[in-house]
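Scope of the values below: all heavy atoms of this structure, side chains included, with no hydrogens, waters or symmetry mates.
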Amino acid sequence: MFGIDYSFVEDKYKDIITGAFAENPKSYKMLLKGIHYFYTNKNQQAIAIFEKLEASCKRIEDETVVFLFKALSYKDMKMYNSAAETYELLLQKNPSYSRAWSNLGLLYMDMGRSREAGDALRNALAYNPENPYAYCNLAAYYTQTGDAEKALESSLKALKLYPRLTPGMSAASLAYAMLGDKENSEYYFKLYAANGGDSDSLRILIDRVYG
């Protein structure tokens, strides 16, 4: 495969890329190369490959993975408008793709488009009520909009679905802090730190809550 072993990429993103370019081995190898570039922060090279692959897309599975990683690459480059446009185009083609709705909701939050962010995240869960990442993103949305009770509810739903999901732990810790429950906030803070989370950054956010 272009002189590089892309087995790591295949394993890491197996749940996303399975079925893509199933009838086109050459395009599949190009896809792996593009994802490898994305993973190694060579996003311009990744986007160039994904743009070439667009012409090879024959099925929705092909388009979904190409546009998803193209949007992720734009996001990493902080090209938020291009990332949002790519997600929006992807969702025109595959409107029930929960992962894209969830990612777009988080992106809209970064762009200050709060109402659209909430709508996108609710769509993510409407299409897949068992998407823990969408619940985490929704918790972040409610934290941003000041609704601590809904932030806590969403974070705990995320952790029920995926108990080791560190963004869920940090969201729960922050939500409990907003509700004045220091004991539970500290519990999830320690859990987050023990699982490799950025405890220094979370502590700063919690301290801001308590003034």
Side-chain angles (χ1 to χ4, degrees), residues 9-22 27-28 30-39 41 43-44 46-145 154-155 157-158 161-162 165-168 171:
V9 170
E10 285 188 290
D11 182 63
K12 181 173 181 61
Y13 298 106
K14 179 171 59 177
D15 63 321
I16 301 176
I17 66 176
T18 297
F21 297 107
S27 292
Y28 179 70
M30 283 186 64
L31 174 67
L32 295 181
K33 185 176 184 180
I35 296 173
H36 173 76
Y37 279 143
F38 159 74
Y39 183 77
N41 298 311
N43 289 295
Q44 287 184 325
I47 289 168
I49 286 180
F50 298 138
E51 288 180 341
K52 289 180 181 178
L53 279 171
E54 288 177 29
S56 301
C57 292
K58 304 298 182 184
R59 301 172 304 126
I60 191 63
E61 293 87 351
D62 306 337
E63 292 179 320
T64 295
V65 70
V66 167
F67 281 98
L68 174 66
F69 279 101
K70 185 179 178 182
L72 289 169
S73 298
Y74 278 131
K75 172 69 161 48
D76 277 4
M77 294 175 70
K78 300 188 184 305
M79 297 176 64
Y80 295 148
N81 287 329
S82 295
E85 290 169 2
T86 305
Y87 278 127
E88 289 161 359
L89 182 57
L90 166 54
L91 288 164
Q92 289 177 20
K93 299 172 179 293
N94 189 356
S96 64
Y97 190 40
S98 177
R99 186 189 300 270
W101 280 116
S102 180
N103 290 0
L104 180 59
L106 196 60
L107 182 62
Y108 280 153
M109 287 170 58
D110 290 338
M111 299 171 73
R113 296 165 64 174
S114 182
R115 182 187 60 78
E116 292 165 287
D119 290 343
L121 292 168
R122 283 184 281 270
N123 280 338
L125 289 166
Y127 287 115
N128 182 6
E130 297 189 356
N131 182 342
Y133 296 96
Y135 278 114
C136 278
N137 291 344
L138 189 61
Y141 166 78
Y142 283 129
T143 297
Q144 187 180 84
T145 57
S154 298
S155 63
K157 284 182 178 178
L161 290 165
Y162 188 176
L165 187 59
T166 51

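Under the 30°/60° scheme for interplanar angles, the aromatic rings of Tyr127 and Trp101 are found to lie parallel.
When Asp15, Thr64, Asn128, Asn131 are each tested for a side-chain hydrogen bond (donor to acceptor under 3.5 Å, both in side chains) with Arg99, only one passes: Asp15. Among Thr86, Val66, Val65, Leu68, the single residue meeting the side-chain contact (heavy atoms from CB on, under 4.5 Å) criterion with Phe50 is Val66.
You'll find the side chain of Tyr133 reaches within 4.5 Å of the side chain of Leu165, heavy atoms only.
When all heavy atoms are compared, the tightest approach of Tyr141 to Ala117 is CD1-CB, 4.2 Å. The shortest non-hydrogen separation linking Asp62 to Phe21 is OD1-N, 2.6 Å. A pairwise comparison of heavy atoms in Ala120 and Leu104 identifies CB-C, 4.5 Å as the closest pair. Taking every heavy atom of both residues into account, Thr145 and Ser114 meet most closely at CG2-OG, 3.7 Å. Closest of all the heavy-atom pairs between Leu53 and Ser27 is CD2-O, 3.6 Å. When every heavy atom of Ala171 is checked against every heavy atom of Ser155, the shortest pair comes out as CB-CB, 3.7 Å.
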| query | Between Leu32 and Glu10, does a side-chain contact (heavy atoms from CB on, under 4.5 Å) hold up when you go through it step by step? | reply | CA-CA 7 Å; Leu32 295 181; Glu10 285 188 290; 3.6 Å; yes
| Steps toward side-chain contact (heavy atoms from CB on, under 4.5 Å) verdict (Phe69, Ile17) | CA-CA 10 Å; Phe69 279 101; Ile17 66 176; 4.2 Å; yes
| task | Could you check Met77 against Ile47 for side-chain contact (heavy atoms from CB on, under 4.5 Å), going step by step and ending with a plain yes or no? | result | CA-CA 11 Å; Met77 294 175 70; Ile47 289 168; 3.7 Å; yes
| Stepwise, does the side-chain contact (heavy atoms from CB on, under 4.5 Å) test hold for Asn43 with Tyr74? | CA-CA 7 Å; Asn43 289 295; Tyr74 278 131; over 6 Å; no
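Between the side chains of Tyr87 and Asn103, at least one donor-acceptor pair of N or O atoms lies under 3.5 Å.
Tyr135 and Tyr162 have their aromatic ring centers separated by at least 6.0 angstrom.
Counting non-hydrogen atoms of other residues, nucleotides and ligands closer than 6.0 Å to CD of Glu51 gives a total above 12.
In summary, Asp110 and Lys75 engage in a salt bridge, as defined by a charged side-chain N under 4.0 Å from a carboxylate O. By the 4.0 Å N-to-carboxylate-O rule, Glu54 lies close enough to Lys70 to be salt-bridged with it.
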